[in-house]
Amino acid sequence: MAKSADHFKDVISHAKEYGFVVPSSEIYDGLSAVYDYGQNGAELKNNIRWYWWKAMVQLNENIVGIDAAILMHPTTWKASGHVDAFNDPLIDNKDSKKRYRADVLIEDHVAKIEAKIEKEVQKAQKRFGEAFDKEQFITTNPRVVEYREKAEAAIKRMARSLENEDLEDVKKLIEELEIACPISGSRNWTDVKQFNLMFGTKLGASAESATDLFLRPETAQGIFVNFLNVQKSGRLKIPFGIAQVGKAFRNEIVARQFIFRMREFEQMEMQFFIRPGSQKEWYEYWKEKRMQWHLSLGLGEENYRFHDHEKLAHYADAASDIEFKFPFGFKELEGIHSRTDFDLGSHEKFSGKKLQYFDPELNESYVPYVVETSIGLDRMFLAVFSNALQEEELENGSKRTVLKVPAFLAPVKAAILPLVKKDGLPEIGHTLVDELKCHFNVHYDEKDAVGRRYRRQDAIGTPFCVTVDHQTLDDQTVTIRERDSMEQSRVAISEVADILKKDVDMAGWLAHL
Ligand code: ATP
(Lines give C-alpha, C1' and ligand atoms only; values in the text may rest on other atoms or scores of the structure.)
Protein backbone atom coordinates (compact mmCIF):
# COMPACT_ATOMS: atom_id res chain seq x y z
CA MET A 1 0.00 0.00 0.00
CA ALA A 2 2.09 2.89 -1.22
CA LYS A 3 1.61 6.62 -1.31
CA SER A 4 3.98 8.34 -3.70
CA ALA A 5 6.27 11.11 -2.54
CA ASP A 6 4.15 13.56 -4.46
CA HIS A 7 0.92 12.31 -2.97
CA PHE A 8 -0.72 15.73 -2.84
CA LYS A 9 -0.16 16.31 -6.57
CA ASP A 10 -1.67 12.88 -7.24
CA VAL A 11 -4.68 13.79 -5.11
CA ILE A 12 -5.34 16.97 -7.09
CA SER A 13 -4.95 15.33 -10.50
CA HIS A 14 -6.98 12.26 -9.54
CA ALA A 15 -9.77 14.52 -8.24
CA LYS A 16 -9.93 16.20 -11.62
CA GLU A 17 -9.50 13.16 -13.84
CA TYR A 18 -12.26 11.18 -12.14
CA GLY A 19 -14.92 13.87 -11.74
CA PHE A 20 -14.43 14.77 -8.07
CA VAL A 21 -13.12 18.35 -7.92
CA VAL A 22 -12.14 20.87 -10.61
CA PRO A 23 -11.21 24.56 -10.53
CA SER A 24 -14.29 26.78 -10.87
CA SER A 25 -14.90 28.25 -14.36
CA GLU A 26 -11.87 26.42 -15.62
CA ILE A 27 -12.44 27.37 -19.29
CA TYR A 28 -11.56 30.93 -18.20
CA ASP A 29 -8.47 29.64 -16.37
CA GLY A 30 -10.32 29.22 -13.08
CA LEU A 31 -10.95 31.50 -10.12
CA SER A 32 -8.40 31.46 -7.35
CA ALA A 33 -9.39 29.19 -4.44
CA VAL A 34 -12.87 28.46 -5.77
CA TYR A 35 -13.69 24.91 -6.84
CA ASP A 36 -16.55 22.89 -8.35
CA TYR A 37 -17.47 19.35 -7.40
CA GLY A 38 -18.06 16.97 -10.30
CA GLN A 39 -20.40 13.99 -10.51
CA ASN A 40 -18.43 11.78 -8.13
CA GLY A 41 -17.32 14.61 -5.86
CA ALA A 42 -20.90 15.79 -5.34
CA GLU A 43 -21.92 12.27 -4.25
CA LEU A 44 -19.00 11.85 -1.87
CA LYS A 45 -19.59 15.30 -0.42
CA ASN A 46 -23.32 14.63 0.06
CA ASN A 47 -22.54 11.39 1.85
CA ILE A 48 -20.11 13.10 4.25
CA ARG A 49 -22.66 15.85 4.84
CA TRP A 50 -25.38 13.30 5.68
CA TYR A 51 -23.11 11.33 7.97
CA TRP A 52 -22.47 14.48 9.96
CA TRP A 53 -26.11 15.60 9.89
CA LYS A 54 -27.48 12.25 10.97
CA ALA A 55 -24.84 11.83 13.67
CA MET A 56 -25.85 15.24 15.05
CA VAL A 57 -29.55 15.64 14.38
CA GLN A 58 -30.90 12.11 14.00
CA LEU A 59 -28.91 10.47 16.80
CA ASN A 60 -29.42 13.22 19.37
CA GLU A 61 -32.94 13.88 20.57
CA ASN A 62 -31.95 17.31 21.80
CA ILE A 63 -30.33 18.58 18.57
CA VAL A 64 -32.33 20.00 15.67
CA GLY A 65 -31.16 21.22 12.26
CA ILE A 66 -31.96 24.44 10.41
CA ASP A 67 -31.09 26.10 7.11
CA ALA A 68 -30.58 29.87 7.48
CA ALA A 69 -29.96 32.35 4.65
CA ILE A 70 -26.49 33.32 3.49
CA LEU A 71 -27.40 37.02 3.46
CA MET A 72 -28.11 38.49 6.87
CA HIS A 73 -28.92 41.92 8.29
CA PRO A 74 -25.62 43.86 8.32
CA THR A 75 -25.85 44.57 12.06
CA THR A 76 -25.38 40.82 12.62
CA TRP A 77 -21.73 41.24 11.74
CA LYS A 78 -21.23 44.20 14.02
CA ALA A 79 -22.73 42.25 16.91
CA SER A 80 -20.70 39.13 16.16
CA GLY A 81 -17.46 41.13 16.11
CA HIS A 82 -16.68 40.28 12.49
CA VAL A 83 -16.68 43.91 11.29
CA ASP A 84 -14.06 44.86 13.87
CA ALA A 85 -12.16 41.69 14.50
CA PHE A 86 -12.44 39.22 11.63
CA ASN A 87 -8.98 40.04 10.44
CA ASP A 88 -5.88 38.15 9.48
CA PRO A 89 -2.46 39.73 9.97
CA LEU A 90 -0.79 39.96 6.57
CA ILE A 91 2.79 40.62 5.59
CA ASP A 92 4.40 41.03 2.15
CA ASN A 93 7.84 40.03 1.03
CA LYS A 94 9.27 43.04 -0.81
CA ASP A 95 11.35 40.97 -3.20
CA SER A 96 8.93 38.27 -4.31
CA LYS A 97 5.90 40.58 -3.81
CA LYS A 98 4.18 37.56 -2.28
CA ARG A 99 1.67 38.04 0.51
CA TYR A 100 1.55 35.81 3.59
CA ARG A 101 -0.43 35.44 6.76
CA ALA A 102 2.04 36.44 9.46
CA ASP A 103 0.68 33.88 11.93
CA VAL A 104 0.92 31.10 9.33
CA LEU A 105 4.56 31.99 8.60
CA ILE A 106 5.35 31.62 12.29
CA GLU A 107 3.30 28.43 12.63
CA ASP A 108 5.03 26.88 9.61
CA HIS A 109 8.38 27.76 11.18
CA VAL A 110 7.32 26.04 14.40
CA ALA A 111 6.11 23.02 12.42
CA LYS A 112 9.63 22.72 11.02
CA ILE A 113 11.06 22.70 14.55
CA GLU A 114 8.51 20.03 15.50
CA ALA A 115 9.59 17.96 12.50
CA LYS A 116 13.20 18.14 13.80
CA ILE A 117 12.01 16.89 17.20
CA GLU A 118 10.20 14.02 15.50
CA LYS A 119 13.38 13.11 13.62
CA GLU A 120 15.40 13.03 16.85
CA VAL A 121 12.72 10.82 18.41
CA GLN A 122 12.80 8.40 15.50
CA LYS A 123 16.60 8.23 15.59
CA ALA A 124 16.59 7.51 19.32
CA GLN A 125 13.84 4.96 18.94
CA LYS A 126 15.99 3.05 16.49
CA ARG A 127 19.01 3.29 18.75
CA PHE A 128 17.31 2.19 21.99
CA GLY A 129 14.83 -0.28 20.54
CA GLU A 130 12.25 -1.64 22.96
CA ALA A 131 13.77 0.11 25.97
CA PHE A 132 12.91 3.52 24.46
CA ASP A 133 10.82 5.81 26.65
CA LYS A 134 9.57 8.65 24.46
CA GLU A 135 8.25 10.84 27.29
CA GLN A 136 11.57 10.63 29.13
CA PHE A 137 13.55 11.30 25.97
CA ILE A 138 11.68 14.45 24.96
CA THR A 139 11.85 15.88 28.48
CA THR A 140 15.56 15.20 29.05
CA ASN A 141 17.44 15.16 25.76
CA PRO A 142 19.15 18.59 25.67
CA ARG A 143 18.73 19.15 21.95
CA VAL A 144 15.04 18.21 22.00
CA VAL A 145 14.44 20.29 25.11
CA GLU A 146 16.00 23.29 23.38
CA TYR A 147 13.83 22.78 20.27
CA ARG A 148 10.70 22.48 22.36
CA GLU A 149 11.47 25.64 24.32
CA LYS A 150 12.06 27.56 21.10
CA ALA A 151 8.78 26.35 19.57
CA GLU A 152 6.74 27.08 22.68
CA ALA A 153 8.27 30.52 23.15
CA ALA A 154 7.50 31.49 19.54
CA ILE A 155 3.85 30.39 19.74
CA LYS A 156 3.34 32.06 23.14
CA ARG A 157 4.84 35.34 22.00
CA MET A 158 2.81 35.33 18.77
CA ALA A 159 -0.40 34.66 20.71
CA ARG A 160 0.34 37.48 23.14
CA SER A 161 1.22 39.99 20.44
CA LEU A 162 -1.84 39.19 18.33
CA GLU A 163 -4.08 39.42 21.35
CA ASN A 164 -2.62 42.81 22.23
CA GLU A 165 -2.81 43.89 18.57
CA ASP A 166 0.94 44.48 18.75
CA LEU A 167 1.64 43.94 15.05
CA GLU A 168 5.09 45.52 15.34
CA ASP A 169 6.11 42.72 17.67
CA VAL A 170 4.74 40.10 15.28
CA LYS A 171 7.07 41.50 12.61
CA LYS A 172 9.95 41.56 15.09
CA LEU A 173 9.31 37.93 15.92
CA ILE A 174 9.39 36.97 12.22
CA GLU A 175 12.73 38.77 11.93
CA GLU A 176 14.17 37.25 15.10
CA LEU A 177 13.19 33.76 13.97
CA GLU A 178 14.98 34.56 10.71
CA ILE A 179 11.98 33.43 8.66
CA ALA A 180 12.67 33.81 4.94
CA CYS A 181 10.18 34.05 2.08
CA PRO A 182 9.85 30.56 0.54
CA ILE A 183 9.85 32.13 -2.96
CA SER A 184 12.61 34.79 -2.88
CA GLY A 185 14.52 33.40 0.09
CA SER A 186 14.90 36.95 1.40
CA ARG A 187 13.96 38.42 4.79
CA ASN A 188 12.92 41.74 3.34
CA TRP A 189 9.46 42.11 4.91
CA THR A 190 6.87 44.91 4.98
CA ASP A 191 5.10 45.83 8.22
CA VAL A 192 2.28 43.55 9.38
CA LYS A 193 -1.23 44.87 8.62
CA GLN A 194 -4.71 43.67 9.49
CA PHE A 195 -6.97 42.58 6.62
CA ASN A 196 -10.73 41.96 6.98
CA LEU A 197 -11.80 38.68 5.43
CA MET A 198 -15.46 39.40 4.73
CA PHE A 199 -16.79 39.67 1.18
CA GLY A 200 -19.01 42.71 0.67
CA THR A 201 -22.04 42.85 -1.60
CA LYS A 202 -25.00 45.16 -2.14
CA LEU A 203 -28.73 44.81 -1.69
CA GLY A 204 -31.02 47.13 -3.66
CA ALA A 205 -31.83 48.33 -7.15
CA SER A 206 -30.00 51.65 -7.31
CA ALA A 207 -26.54 52.62 -6.26
CA GLU A 208 -27.83 55.39 -3.94
CA SER A 209 -30.35 53.29 -2.04
CA ALA A 210 -28.36 50.08 -1.88
CA THR A 211 -27.47 48.62 1.49
CA ASP A 212 -24.03 47.17 2.08
CA LEU A 213 -24.17 43.53 3.05
CA PHE A 214 -21.67 40.78 3.69
CA LEU A 215 -21.66 37.20 2.49
CA ARG A 216 -21.65 35.27 5.76
CA PRO A 217 -18.13 34.26 6.84
CA GLU A 218 -19.53 31.53 9.11
CA THR A 219 -22.88 29.75 9.46
CA ALA A 220 -22.97 30.12 13.26
CA GLN A 221 -24.63 33.55 13.30
CA GLY A 222 -27.66 32.20 11.40
CA ILE A 223 -28.12 29.87 14.36
CA PHE A 224 -27.69 32.54 17.05
CA VAL A 225 -30.22 34.95 15.54
CA ASN A 226 -32.71 32.06 15.34
CA PHE A 227 -32.06 30.82 18.85
CA LEU A 228 -35.43 31.92 20.30
CA ASN A 229 -37.47 30.96 17.20
CA VAL A 230 -36.15 27.43 17.32
CA GLN A 231 -36.27 27.07 21.11
CA LYS A 232 -39.87 28.26 21.29
CA SER A 233 -41.27 26.49 18.22
CA GLY A 234 -39.51 23.25 19.22
CA ARG A 235 -40.27 23.68 22.97
CA LEU A 236 -36.62 22.81 23.56
CA LYS A 237 -35.10 22.55 27.01
CA ILE A 238 -31.52 23.37 27.83
CA PRO A 239 -29.16 21.68 27.08
CA PHE A 240 -30.03 21.55 23.39
CA GLY A 241 -28.27 22.08 20.09
CA ILE A 242 -28.96 23.65 16.71
CA ALA A 243 -27.07 22.30 13.71
CA GLN A 244 -26.62 23.69 10.24
CA VAL A 245 -24.73 22.95 7.02
CA GLY A 246 -24.18 25.75 4.55
CA LYS A 247 -21.92 27.96 2.49
CA ALA A 248 -19.54 30.45 4.04
CA PHE A 249 -17.28 32.96 2.30
CA ARG A 250 -13.90 34.33 3.29
CA ASN A 251 -11.57 36.49 1.27
CA GLU A 252 -8.55 34.48 2.40
CA ILE A 253 -5.20 36.23 2.00
CA VAL A 254 -3.32 33.14 1.06
CA ALA A 255 -5.61 30.66 -0.56
CA ARG A 256 -3.67 27.57 -1.48
CA GLN A 257 -3.53 23.88 -0.76
CA PHE A 258 -6.44 23.00 -3.03
CA ILE A 259 -9.78 22.69 -1.20
CA PHE A 260 -8.11 23.06 2.21
CA ARG A 261 -8.42 26.85 2.13
CA MET A 262 -11.14 28.13 -0.17
CA ARG A 263 -12.84 31.48 -0.62
CA GLU A 264 -16.25 29.83 -0.92
CA PHE A 265 -16.72 26.73 1.20
CA GLU A 266 -19.20 24.82 3.32
CA GLN A 267 -19.33 24.54 7.06
CA MET A 268 -21.09 22.02 9.26
CA GLU A 269 -21.68 23.74 12.58
CA MET A 270 -23.55 22.91 15.74
CA GLN A 271 -24.18 25.35 18.59
CA PHE A 272 -24.98 23.67 21.88
CA PHE A 273 -26.86 25.90 24.36
CA ILE A 274 -26.13 25.23 28.01
CA ARG A 275 -26.39 26.63 31.53
CA PRO A 276 -23.72 29.19 32.41
CA GLY A 277 -21.06 27.45 34.48
CA SER A 278 -21.42 24.07 32.75
CA GLN A 279 -19.25 25.03 29.77
CA LYS A 280 -16.12 23.12 30.82
CA GLU A 281 -17.98 19.88 31.11
CA TRP A 282 -19.79 20.28 27.74
CA TYR A 283 -16.62 21.45 26.03
CA GLU A 284 -14.86 18.24 27.09
CA TYR A 285 -17.93 16.21 26.12
CA TRP A 286 -18.03 17.60 22.58
CA LYS A 287 -14.26 17.29 22.09
CA GLU A 288 -14.58 13.62 22.88
CA LYS A 289 -17.77 13.10 20.85
CA ARG A 290 -16.39 14.75 17.76
CA MET A 291 -13.16 12.77 17.90
CA GLN A 292 -15.23 9.61 18.16
CA TRP A 293 -17.12 10.60 14.98
CA HIS A 294 -13.83 11.06 13.13
CA LEU A 295 -12.36 7.80 14.38
CA SER A 296 -15.50 5.90 13.33
CA LEU A 297 -14.45 6.43 9.70
CA GLY A 298 -11.35 4.30 10.17
CA LEU A 299 -8.91 6.75 8.58
CA GLY A 300 -6.34 5.85 11.25
CA GLU A 301 -6.11 7.04 14.84
CA GLU A 302 -2.53 8.19 14.27
CA ASN A 303 -3.79 10.77 11.76
CA TYR A 304 -5.65 12.85 14.35
CA ARG A 305 -4.59 15.01 17.24
CA PHE A 306 -6.00 17.80 19.39
CA HIS A 307 -4.41 21.20 19.39
CA ASP A 308 -5.54 23.36 22.29
CA HIS A 309 -5.43 27.08 21.53
CA GLU A 310 -3.10 29.52 23.22
CA LYS A 311 -4.57 32.45 21.34
CA LEU A 312 -8.31 32.60 21.92
CA ALA A 313 -10.77 34.33 19.59
CA HIS A 314 -12.62 37.33 21.02
CA TYR A 315 -15.68 35.17 21.83
CA ALA A 316 -14.06 32.11 23.40
CA ASP A 317 -12.99 30.95 26.88
CA ALA A 318 -11.55 27.67 25.57
CA ALA A 319 -10.85 26.32 22.11
CA SER A 320 -9.30 23.26 20.58
CA ASP A 321 -8.77 22.05 17.03
CA ILE A 322 -9.01 18.51 15.82
CA GLU A 323 -6.05 18.35 13.47
CA PHE A 324 -5.72 15.82 10.68
CA LYS A 325 -2.61 14.64 8.91
CA PHE A 326 -3.21 16.02 5.42
CA PRO A 327 -0.65 15.28 2.67
CA PHE A 328 1.07 18.56 3.68
CA GLY A 329 1.12 17.79 7.42
CA PHE A 330 -1.12 18.13 10.48
CA LYS A 331 -3.63 20.96 10.02
CA GLU A 332 -6.96 22.07 11.50
CA LEU A 333 -9.94 20.06 10.37
CA GLU A 334 -12.49 21.01 13.01
CA GLY A 335 -12.75 23.52 15.83
CA ILE A 336 -14.47 23.03 19.19
CA HIS A 337 -15.06 26.34 20.90
CA SER A 338 -16.51 27.35 24.22
CA ARG A 339 -18.14 30.62 23.09
CA THR A 340 -19.56 31.71 26.48
CA ASP A 341 -22.62 34.01 26.20
CA PHE A 342 -20.72 36.33 23.88
CA ASP A 343 -22.86 35.90 20.77
CA LEU A 344 -26.34 35.84 22.29
CA GLY A 345 -25.40 38.61 24.73
CA SER A 346 -24.10 40.77 21.94
CA HIS A 347 -27.14 40.18 19.72
CA GLU A 348 -29.32 41.19 22.69
CA LYS A 349 -27.46 44.46 22.93
CA PHE A 350 -27.49 45.28 19.23
CA SER A 351 -31.07 44.18 18.53
CA GLY A 352 -32.68 45.33 21.76
CA LYS A 353 -34.50 41.96 21.90
CA LYS A 354 -34.22 39.59 24.85
CA LEU A 355 -32.45 36.36 23.89
CA GLN A 356 -32.90 34.54 27.17
CA TYR A 357 -34.07 31.19 28.34
CA PHE A 358 -36.32 30.59 31.31
CA ASP A 359 -34.93 27.60 33.15
CA PRO A 360 -37.87 25.94 34.95
CA GLU A 361 -35.57 23.93 37.20
CA LEU A 362 -33.68 26.99 38.44
CA ASN A 363 -36.75 29.21 38.16
CA GLU A 364 -34.68 31.95 36.51
CA SER A 365 -33.92 33.43 33.10
CA TYR A 366 -30.43 33.69 31.66
CA VAL A 367 -28.50 34.12 28.44
CA PRO A 368 -27.32 30.57 27.70
CA TYR A 369 -23.67 29.71 27.21
CA VAL A 370 -22.64 27.98 24.00
CA VAL A 371 -20.23 25.23 23.01
CA GLU A 372 -19.71 25.07 19.27
CA THR A 373 -18.42 22.34 16.98
CA SER A 374 -17.41 23.65 13.57
CA ILE A 375 -16.02 21.63 10.70
CA GLY A 376 -15.38 22.45 7.06
CA LEU A 377 -17.17 20.04 4.75
CA ASP A 378 -14.59 20.58 2.03
CA ARG A 379 -11.70 19.99 4.44
CA MET A 380 -13.40 16.80 5.59
CA PHE A 381 -13.73 15.80 1.93
CA LEU A 382 -10.00 16.40 1.46
CA ALA A 383 -9.21 14.36 4.59
CA VAL A 384 -11.25 11.38 3.38
CA PHE A 385 -10.15 11.63 -0.24
CA SER A 386 -6.42 12.12 0.34
CA ASN A 387 -6.33 9.36 2.94
CA ALA A 388 -8.19 6.95 0.67
CA LEU A 389 -6.18 7.43 -2.52
CA GLN A 390 -3.58 4.69 -2.76
CA GLU A 391 -1.40 3.06 -5.33
CA GLU A 392 -1.01 -0.66 -4.89
CA GLU A 393 1.48 -3.04 -6.33
CA LEU A 394 -0.25 -6.31 -7.21
CA GLU A 395 1.14 -9.82 -7.01
CA ASN A 396 1.64 -9.99 -10.77
CA GLY A 397 3.80 -6.87 -10.62
CA SER A 398 1.20 -4.51 -12.11
CA LYS A 399 -0.14 -1.48 -10.27
CA ARG A 400 -3.62 -0.28 -9.47
CA THR A 401 -4.91 3.05 -8.21
CA VAL A 402 -7.64 2.57 -5.67
CA LEU A 403 -9.74 4.97 -3.64
CA LYS A 404 -10.35 3.17 -0.38
CA VAL A 405 -13.12 5.38 0.98
CA PRO A 406 -15.39 3.90 3.66
CA ALA A 407 -18.01 1.90 1.71
CA PHE A 408 -20.99 3.99 2.78
CA LEU A 409 -19.32 7.22 1.65
CA ALA A 410 -18.45 5.92 -1.84
CA PRO A 411 -20.07 7.86 -4.73
CA VAL A 412 -21.14 4.58 -6.35
CA LYS A 413 -21.88 1.60 -4.14
CA ALA A 414 -21.88 -1.14 -6.78
CA ALA A 415 -21.05 -1.54 -10.46
CA ILE A 416 -22.99 -4.09 -12.46
CA LEU A 417 -20.82 -5.62 -15.16
CA PRO A 418 -22.12 -8.14 -17.73
CA LEU A 419 -19.11 -10.15 -18.87
CA VAL A 420 -20.09 -9.77 -22.55
CA LYS A 421 -22.54 -7.55 -24.39
CA LYS A 422 -24.67 -10.45 -25.66
CA ASP A 423 -26.37 -13.76 -24.80
CA GLY A 424 -28.91 -12.04 -22.52
CA LEU A 425 -26.28 -10.96 -19.94
CA PRO A 426 -26.96 -7.20 -20.36
CA GLU A 427 -30.68 -7.79 -19.73
CA ILE A 428 -29.95 -9.57 -16.44
CA GLY A 429 -27.57 -6.73 -15.54
CA HIS A 430 -30.24 -4.09 -16.20
CA THR A 431 -32.79 -5.96 -14.10
CA LEU A 432 -30.31 -6.04 -11.22
CA VAL A 433 -29.61 -2.32 -11.63
CA ASP A 434 -33.36 -1.63 -11.45
CA GLU A 435 -33.61 -3.59 -8.22
CA LEU A 436 -30.61 -1.95 -6.55
CA LYS A 437 -31.01 1.65 -7.66
CA CYS A 438 -33.85 2.36 -5.23
CA HIS A 439 -31.52 1.50 -2.35
CA PHE A 440 -28.28 3.16 -3.42
CA ASN A 441 -26.26 4.56 -6.30
CA VAL A 442 -25.20 1.93 -8.88
CA HIS A 443 -23.37 2.04 -12.21
CA TYR A 444 -23.93 -0.17 -15.22
CA ASP A 445 -20.86 -0.72 -17.41
CA GLU A 446 -20.46 -3.09 -20.35
CA LYS A 447 -17.54 -1.43 -22.18
CA ASP A 448 -14.02 -2.93 -22.38
CA ALA A 449 -12.51 -6.03 -20.77
CA VAL A 450 -13.76 -6.69 -17.27
CA GLY A 451 -10.30 -6.06 -15.74
CA ARG A 452 -10.31 -2.52 -17.10
CA ARG A 453 -13.82 -1.99 -15.79
CA TYR A 454 -12.66 -3.09 -12.32
CA ARG A 455 -9.84 -0.53 -12.47
CA ARG A 456 -12.24 2.27 -13.41
CA GLN A 457 -14.43 1.43 -10.40
CA ASP A 458 -11.39 1.11 -8.08
CA ALA A 459 -10.37 4.62 -9.10
CA ILE A 460 -13.68 6.14 -7.96
CA GLY A 461 -13.88 3.97 -4.85
CA THR A 462 -16.77 1.65 -5.75
CA PRO A 463 -16.74 -0.98 -2.98
CA PHE A 464 -18.39 -3.77 -4.99
CA CYS A 465 -18.41 -4.99 -8.59
CA VAL A 466 -21.08 -7.51 -9.50
CA THR A 467 -20.31 -9.55 -12.61
CA VAL A 468 -22.98 -11.33 -14.62
CA ASP A 469 -21.54 -14.22 -16.69
CA HIS A 470 -22.72 -17.30 -18.56
CA GLN A 471 -23.06 -19.32 -15.36
CA THR A 472 -25.68 -16.78 -14.28
CA LEU A 473 -27.89 -18.07 -17.09
CA ASP A 474 -27.70 -21.59 -15.63
CA ASP A 475 -27.93 -21.07 -11.88
CA GLN A 476 -28.90 -17.40 -11.26
CA THR A 477 -25.66 -16.65 -9.44
CA VAL A 478 -23.24 -13.74 -9.93
CA THR A 479 -19.78 -12.92 -8.61
CA ILE A 480 -19.22 -10.09 -6.17
CA ARG A 481 -15.72 -8.61 -6.17
CA GLU A 482 -14.70 -6.64 -3.14
CA ARG A 483 -12.65 -3.48 -3.82
CA ASP A 484 -9.97 -3.69 -1.10
CA SER A 485 -9.24 -7.43 -0.98
CA MET A 486 -10.16 -7.98 -4.67
CA GLU A 487 -11.63 -11.27 -3.51
CA GLN A 488 -14.53 -12.69 -5.46
CA SER A 489 -17.38 -14.78 -4.20
CA ARG A 490 -20.27 -16.40 -6.00
CA VAL A 491 -23.73 -15.63 -4.61
CA ALA A 492 -27.35 -15.99 -5.65
CA ILE A 493 -28.52 -12.93 -7.57
CA SER A 494 -31.52 -12.69 -5.23
CA GLU A 495 -29.15 -12.11 -2.28
CA VAL A 496 -27.04 -9.33 -3.80
CA ALA A 497 -29.06 -6.41 -2.38
CA ASP A 498 -28.95 -7.72 1.19
CA ILE A 499 -25.24 -8.59 1.04
CA LEU A 500 -24.27 -5.13 -0.22
CA LYS A 501 -26.56 -3.26 2.15
CA LYS A 502 -24.67 -4.65 5.14
CA ASP A 503 -21.62 -2.60 4.15
CA VAL A 504 -22.97 0.37 2.25
CA ASP A 505 -25.91 1.41 4.43
CA MET A 506 -25.12 4.39 6.61
CA ALA A 507 -27.34 2.97 9.36
CA GLY A 508 -24.78 0.31 10.26
CA TRP A 509 -22.06 2.94 10.68
CA LEU A 510 -24.27 5.26 12.70
CA ALA A 511 -25.12 2.39 15.03
CA HIS A 512 -21.46 2.24 16.11
CA LEU A 513 -21.24 5.87 17.11
P1 ATP B 1 -7.87 28.51 9.74
O2 ATP B 1 -7.10 28.76 11.00
O3 ATP B 1 -7.42 27.30 8.97
O4 ATP B 1 -8.04 29.74 8.90
P5 ATP B 1 -10.22 29.02 11.26
O6 ATP B 1 -9.71 28.76 12.63
O7 ATP B 1 -10.38 30.40 10.78
O8 ATP B 1 -9.36 28.16 10.19
P9 ATP B 1 -12.94 28.48 11.90
O10 ATP B 1 -13.35 29.89 11.78
O11 ATP B 1 -12.83 27.88 13.25
O12 ATP B 1 -11.59 28.25 11.09
O13 ATP B 1 -13.89 27.60 10.97
C14 ATP B 1 -14.29 26.29 11.30
C15 ATP B 1 -13.91 25.30 10.24
O16 ATP B 1 -14.26 25.76 8.94
C17 ATP B 1 -12.41 25.03 10.15
O18 ATP B 1 -12.01 24.07 11.09
C19 ATP B 1 -12.27 24.52 8.74
O20 ATP B 1 -12.55 23.13 8.67
C21 ATP B 1 -13.34 25.28 7.99
N22 ATP B 1 -12.75 26.40 7.24
C23 ATP B 1 -12.42 27.61 7.71
N24 ATP B 1 -11.92 28.39 6.73
C25 ATP B 1 -11.95 27.64 5.60
C26 ATP B 1 -11.58 27.88 4.25
N27 ATP B 1 -11.10 29.06 3.86
N28 ATP B 1 -11.73 26.88 3.35
C29 ATP B 1 -12.24 25.67 3.73
N30 ATP B 1 -12.61 25.40 4.99
C31 ATP B 1 -12.48 26.36 5.92
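First listed ligand is number 1; within each ligand, the first listed atom is number 1.
- Taking the six-membered ring for Trp, Phe249 and Phe265 have ring centres at least 6.0 Å apart.
- Ring-plane geometry between Phe328 and Phe8 is classed as perpendicular, the angle between the planes exceeding 60 degrees on a 0 to 90 degree scale with a lower cut at 30.
- Pocket lining of ligand 1, defined as residues with a non-hydrogen atom under 4.0 Å away: Arg101, Arg250, Glu252, Phe260, Arg261, Met262, Phe265, Gln267, Glu332, Leu333, Glu334, Gly335, His337, Ser374, Ile375, Gly376, Arg379.
- Cation-pi geometry between Arg305 and Phe330 is satisfied (NZ or CZ under 6.0 Å from the ring centre, within 45° of the ring normal).
- Taking the ring centre of Tyr37 as origin, the terminal cationic atom of Lys45 falls inside the region bounded by 6.0 Å and 45° from the ring axis.
- Cation-pi contact between Lys287 and Phe306: present, with separation from the ring centre below 6.0 Å and deviation from the ring axis of at most 45°.
- Applying ring-ring contact (aromatic ring centres under 6.0 Å, His included) to Phe326 and the options Phe260, Phe381, Phe385 leaves one that passes, Phe260.
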